[in-house]
Amino acid sequence: MPTRVIMHVDLDYFYAQCEELVRPNIKGKPLVVCVYSGRTEESGVVSTCNYEARKYGVRAGISIVRAKKLLETTEATFLPVNRALYELVSERIMELLKTYGDSFEKVGIDEAYLDVSASTNASFKHAEEVASRIKQGLLYQEQMTCSVGIAPNKLLAKIASDQTKPNGLTVVRPEEVKAFLAPLSVGRIPGVGKKIEEKLIQLKVRTIADLSTLNATILIETFGMNLGNYLYLAARGEDDKPVKEREQPTQFSRIATLKRNTHEITEILPLLYDLATSVTLKLTEKNMTCRSVGVIAILEDLSIHNKSKILEFPTSEECVIRQLSKELMEEFLHAMPSAVVRRVGVKLSILAMATGQADISQYLDE
DNA sequence: CCCTCGATCAC
DNA sequence: CCTCATATCGAGGG
């Protein structure tokens, strides 16, 4: 494979930055975007916050109550998540970014990869100029900042964009890869979260330099074929996955918190039906069908349980999905009489584009 | 190989 | 003190 030049663009504190965009008056003050669970007035967690709020120790994932305490001396704003807004802004920005790459890959709502190998003649210097233009364009057209990583592959570009935030630009040239990676914590490798990091620490591995001393055999023994191989290559900064547009999503899900914990299906059903309806709406909006329906139950101890079923025929019928959700939840409650449920969800998977035939029902009575 | 389920990641 | 959404993997049963 010839040397590639890959760019990873990460929009800074995206949800909060979108909110700043539509509320220029609060710019410069702490802003916290919250997921309110609806259980009590203030219950829920922080989704994202701007850097002013981070100065006070606010982080994604902490409770809203805690964030309010941390910010009680300030004129902070707390807003509920407004996904529709962020998706709108995201779509516009992605269209803009797309124009700069030979190929383009959107990853989630706030990040994207661009392969600029051909358009820059494989020049990192030139790519850096492209990145500057992207940053200027984004600021001018969308009043938004981003952090960019430029490197020989997606793995390194992503780690690089994470290196300097917000409003950063980090370039890792092929000859710099080893020195760049060596001191970083293994947790900086995408796919290495708390659990895998803990396992690695058991093996006395903290940095990527440490990781690179383990041979492939031990990694595969410890983490399985797939992850083991991935870690072996990641430690060396190797990744040959192409930048390519994502195909259709493969699942849709909705989850929400019950007003109070319960084991009673009757107490769960109204919410479960709402979720089934909402996720089915998403399915039909996308003109798709599903062949698997599942329910999620999160118990009072926060343990997560799934139950799903594959259908003989694809469906997008709300009544079918509702009915199956109910049956699956009943089965789960029956199988686990001790379960005290806190949150429930509905998940649709094995998706396909609808062909125009609503479902098989139209053939039943000809 | 198909199905189901839990685990993990990361948004 | 506890949100939401998605992708992917591995195990285990058939």
Side-chain angles (χ1 to χ4, degrees), chain A residues 10-16 18 32-40 42-49 59-69 80-83 86-87 90 105-112 158 162 186-200 220 222-231 234 241 246-258 261 275 278-279 282-283 286 290-312 328 331-332 335-336 341-351:
Chain A
D10 199 336
L11 302 169
D12 297 325
Y13 60 103
F14 184 59
Y15 289 7
C18 287
V32 185
V33 179
C34 305
V35 188
Y36 290 96
S37 69
R39 180 158 277 217
T40 69
E42 302 266 86
S43 64
V45 297
V46 171
S47 173
T48 332
C49 61
R59 291 287 179 276
I62 72 170
S63 70
I64 296 166
V65 171
R66 220 179 122 198
K68 292 214 161 160
K69 278 185 190 135
V81 283
N82 180 359
R83 274 234 164 211
Y86 316 145
E87 263 159 32
S90 173
E105 178 175 347
K106 173 174 170 154
V107 189
I109 196 166
D110 65 349
E111 47 187 288
K158 180 158 172 81
D162 195 47
V186 285
R188 293 286 301 280
I189 298 172
V192 177
K194 215 172 113 197
K195 298 289 181 174
I196 294 167
E197 188 161 17
E198 267 170 30
K199 255 191 182 179
L200 283 168
I220 289 168
T222 315
F223 297 102
M225 188 56 138
N226 226 292
L227 182 57
N229 252 318
Y230 169 73
L231 290 174
K241 286 198 285 296
R246 300 265 166 133
E247 338 71 56
Q248 300 290 343
T250 63
Q251 60 179 235
F252 296 125
S253 65
R254 285 284 184 278
I255 187 164
T257 305
L258 292 158
N261 298 354
L275 294 168
S278 164
V279 74
K282 171 105 176 182
L283 184 75
K286 301 283 177 182
C290 68
R291 217 176 65 109
S292 171
V293 177
V295 293
I296 306 157
I298 298 175
L299 308 189
E300 58 180 354
D301 65 356
L302 301 185
S303 60
I304 300 170
H305 303 261
N306 302 285
K307 197 155 179 58
S308 64
K309 182 178 268 178
I310 296 189
L311 315 178
E312 191 159 0
L328 286 162
E331 282 173 34
F332 168 75
M336 199 161 169
V341 183
R342 178 187 174 89
R343 308 172 60 213
V344 292
V346 178
K347 179 175 96 166
L348 308 180
S349 52
I350 317 186
L351 307 182

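We name chains A, B, ... by the order of the sequence lines, and we start the count at 1 in each one. As the structure is a prediction and not an experimental result, all values here were calculated from the model.
Side-chain nitrogen and oxygen atoms of A:Thr257 include at least one within less than 4.0 Å of the OP1 or OP2 phosphate oxygen of C:dC4. Between A:Lys199 and the phosphate of B:dC9, there is no side-chain N or O to OP1/OP2 separation shorter than 4.0 Å. Between A:Asn306 and B:dC5, a side-chain N or O to OP1/OP2 separation shorter than 4.0 Å is absent. Under 4.0 angstrom from either OP1 or OP2 of C:dA7 there lies at least one side-chain N or O belonging to A:Thr250.
Ranking B:dC5, C:dC2, B:dC11 by closeness to the A:Ser308 side chain, first place goes to B:dC5. The side chain of A:Ser63 has C:dC1 as its nearest neighbour among C:dC1, B:dT4, C:dC4. Checked against C:dT3, B:dT4, C:dA5, the side chain of A:Arg343 finds its nearest nucleotide in C:dT3. Distance from the side chain of A:Ile109 is smallest to B:dC11 among C:dT6, B:dT4, B:dC11. Distances from the side chain of A:Asn226 to the nucleotides B:dC11, C:dC4, C:dC9 place C:dC9 closest.
Residue contacts shown for A:Gly108 are absent, as no nucleic acid heavy atom lies under 4.0 Å away.
The separation between A:Arg83 atom CZ and C:dA5 atom C1' is 7 Å, rounded to whole Å. With rounding to whole Å, A:Arg342 atom CZ is found 4 Å from C:dT3 atom P. Straight-line distance from the OH atom of A:Tyr36 to the C1' atom of C:dC4: 16 Å, rounded to whole Å. Across the protein-nucleic acid pair, A:Leu348 atom CG and C:dA7 atom C1' stand 16 Å apart, rounded to whole Å.
Helical stems in DNA chain C, defined as runs of 3 or more consecutive Watson-Crick or G-U wobble pairs with both donor-acceptor distances under 3.5 Å, are listed by first residue as B:1-8 with C:7-14.
Residues forming a side-chain hydrogen bond (donor to acceptor under 3.5 Å, both in side chains) with A:Thr222 (at least two apart in sequence, or on another chain): none.
Between A:Ile304 and A:Ser292, the residue anchored nearer the 5' end of DNA chain B, judged by the nucleotide with its closest heavy atom, is A:Ser292.
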